[in-house]
Amino acid sequence: MHATTKLMLIRHGETDDNRAQVFQGQAGRGLNARGREQAARLAARFAGARLRLAAVYCSDLERAEETAARLASALGLRAAADPALREVSLGAWQGLSRGEVQARFPEEWAAWRSGVDVRRGGGETYAELGDRMMRALDRIAARHAGEAVGVVSHGAAIKTAVGRMLQMDGSGLKALQVPANTGVSLIEHDPKSGYRVVVWNDAAHLGDALVEALSAPPA
């Protein structure tokens with residue numbers, strides 16, 4: 001019997017840039033008021049859960065660290081920041097709205113929207129992001145065999161890692177919705193059989209997940 005690690009992949013809470021649909025990448029600021037409320041609900045959910053987290057890891061970007069700090073504090077833990085869990089680097093796209101990107105980088109925008117794994121704004125490709133995320137998750141899973149851990153990261157980072165587990169190519173990632181802010185995806189890792197996706201984008205602590213999905217803007 002192999003010791004299975006449970007990885008709770010959690011997207012950070014909402015930021016003002018999320019609400020305004022501005023590309024943050026590895027820039028951006030901390031949580032807004034709604035994001036702090038989401039993080040508080042997330043923390044309360046895990047604090048009352050039967051399954052206890054042994055550790056909490058997070059990206060070292062402010063929005064992820066703030067979300068992870070609230071979760072870890074509710075569990076009597078301290079979050080450990082890991083730069084490998086950062087969001088994809090978007091280079092010159094960072095800080096721009098969708099309209100601004102379309103106007104300044106029309107070829108990159110068209111390629112990205114068609115599913116090409118383009119290096120947006122001179123930043124990372126999804127392939128590079130996937131490699132970075134999987135190395136980080138492999139390290140965490142090996143360190144916590146048989147335990148459950150929280151991993152607070154970012155929308156594209158989580159989506160790309162899960163896509164890698166499901167053996168999706170770059171164009172196939174379009175079939176996965178970006179996780180909701182503080183949405184939780186449960187991944188199991190077995191040293192012999194690898195990764196298995198158990199739950200995708202559970203945000204029950206925020207209310208009715210279906211209603212949220214129907215009212216969310218297109219990604």
Side-chain angles (χ1 to χ4, degrees), residues 1-13 38-61 63-88 126-168 172-173 176-206 209:
M1 191 74 173
H2 304 293
T4 298
T5 306
K6 296 183 184 296
L7 300 170
M8 308 291 181
L9 306 187
I10 304 165
R11 187 185 177 195
H12 61 81
Q38 291 169 338
R41 291 189 181 194
L42 172 77
R45 182 180 188 185
F46 276 94
R50 289 169 56 191
L51 177 66
R52 302 293 291 182
L53 299 184
V56 175
Y57 293 85
C58 65
S59 154
D60 64 346
L61 300 180
R63 56 194 184 273
E65 284 194 317
E66 189 174 346
T67 304
R70 288 173 179 262
L71 172 61
S73 177
L75 300 172
L77 301 170
R78 292 190 66 179
D82 185 343
L85 297 172
R86 285 184 177 186
E87 181 61 294
V88 63
Y126 284 125
E128 291 166 341
L129 170 63
D131 289 343
R132 171 164 60 79
M133 282 292 294
M134 293 310 300
R135 286 194 296 268
L137 295 179
D138 286 347
R139 288 196 303 271
I140 293 170
R143 192 177 300 145
H144 294 279
E147 297 179 324
V149 298
V151 180
V152 181
S153 185
H154 304 266
I158 292 170
K159 176 179 169 177
T160 302
V162 171
R164 183 69 64 87
M165 296 170 193
L166 297 175
Q167 300 182 1
M168 292 180 170
L173 286 176
L176 280 178
Q177 175 66 31
V178 175
N181 290 113
T182 68
V184 182
S185 297
L186 169 57
I187 309 299
E188 290 183 346
H189 178 267
D190 180 276
K192 290 292 186 182
S193 59
Y195 290 94
R196 183 168 74 105
V197 180
V198 181
V199 176
W200 172 251
N201 192 27
D202 183 334
H205 51 284
L206 302 182

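By convention here, the first residue in the shown sequence is residue 1.
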- Query: Within the side chain of T67, is there an N or O that forms a donor-acceptor pair under 3.5 Å with the backbone of A39?
  - Reply: no
- Message: Under the rule for side-chain hydrogen bond (donor to acceptor under 3.5 Å, both in side chains), what residues qualify as partners of E188, not counting sequence neighbours?
- Response: K6, R196
- Message: So does A141 get a backbone contact from the side chain of T5, meaning a donor-acceptor N/O pair under 3.5 Å?
- Response: yes
- Can you measure from CD1 (I187) to CG (L9) and round to the nearest 0.5 angstrom? 5.0 Å
- Query: So which heavy atom on E65 is nearest to which on S59, and how close?
  - Reply: CG-O, 3.3 Å
- For R143, does the CZ atom sit with more than 12 other heavy atoms under 6.0 Å from it, leaving out its own atoms? yes
- Heavy-atom nearest pair, A203 first then A180, reads CB-CB, 4.4 Å
- Flag the pair V197 / V162 as yes when at least one side-chain heavy-atom distance between them is below 4.5 Å, and no otherwise. yes
- Query: Just by distance, do the side chain of S153 and the backbone of L85 share a donor-acceptor pair under 3.5 Å?
  - Reply: yes
- Message: Would the distance check show the side chain of H205 and the main-chain N or O of T182 forming a donor-acceptor pair, the cut-off being under 3.5 Å?
- Response: yes
- Qualifying ring-ring contact (aromatic ring centres under 6.0 Å, His included) pairs, either residue in residues 127-153, two or more places apart: Y57-H144
- Item | R11 side chain to P179 backbone, donor-acceptor under 3.5 Å | yes
- Message: If you define the side chain from C-beta out and look only at heavy atoms, does anything of M8 sit under 4.5 Å from L71?
- Response: no
- Task: Please report the shortest heavy-atom distance between A161 and M133, naming the atom on each side.
- Result: CB-CB, 4.0 Å
- Message: Restricting to non-hydrogen atoms, name the atom on L206 and the atom on N181 that form the minimum distance, rounded to 0.1 Å.
- Response: CD1-O, 3.4 Å
- Message: Could you report the tightest heavy-atom contact between A68 and V56, atom names first, then the distance?
- Response: CB-CG1, 4.0 Å
- Item | Residues forming a side chain to side chain contact (heavy atoms under 4.5 Å, CB included) with R132, sequence neighbours excluded | Q26, A84, R86, E124, L129, R135
- Item | For A142, side chain to side chain contact (heavy atoms under 4.5 Å, CB included) partners two or more places apart | none
- Query: Partners of Y195 by ring pair (Phe, Tyr, Trp, His ring centres under 6.0 Å), sequence neighbours excluded?
  - Reply: H189
- How close do V152 and A64 get, heavy atom to heavy atom, and via which atoms? CG1-O, 3.6 Å
- Item | Set of side chain to side chain contact (heavy atoms under 4.5 Å, CB included) partners for A69, sequence neighbours left out | none
- Task: Calculate, to the nearest 0.5 Å, the distance between atoms CG and CG belonging to D82 and D60 respectively.
- Result: 8.0 Å
- Item | Heavy-atom check, side chain of I158 versus side chain of V151, under 4.5 Å | no
- Note on the structure: The reported gap from CD in E87 to OG1 in T160 (rounded to nearest 0.5 angstrom) is 7.5 Å
- Item | Spatial distance of atom CG (N201) from atom CD1 (I10) [nearest 0.5 Å] | 12.0 Å
- Could you grab the distance from atom NE2 of H154 to atom SG of C58, nearest 0.5 Å is fine? 8.5 Å
- Message: Please check: side-chain N/O of E147 versus main-chain N/O of L53, any donor-acceptor pairing under 3.5 Å?
- Response: no
- Taking atom CD of Q38 and atom NE2 of H12, what is their separation to the nearest 0.5 Å? 10.0 Å
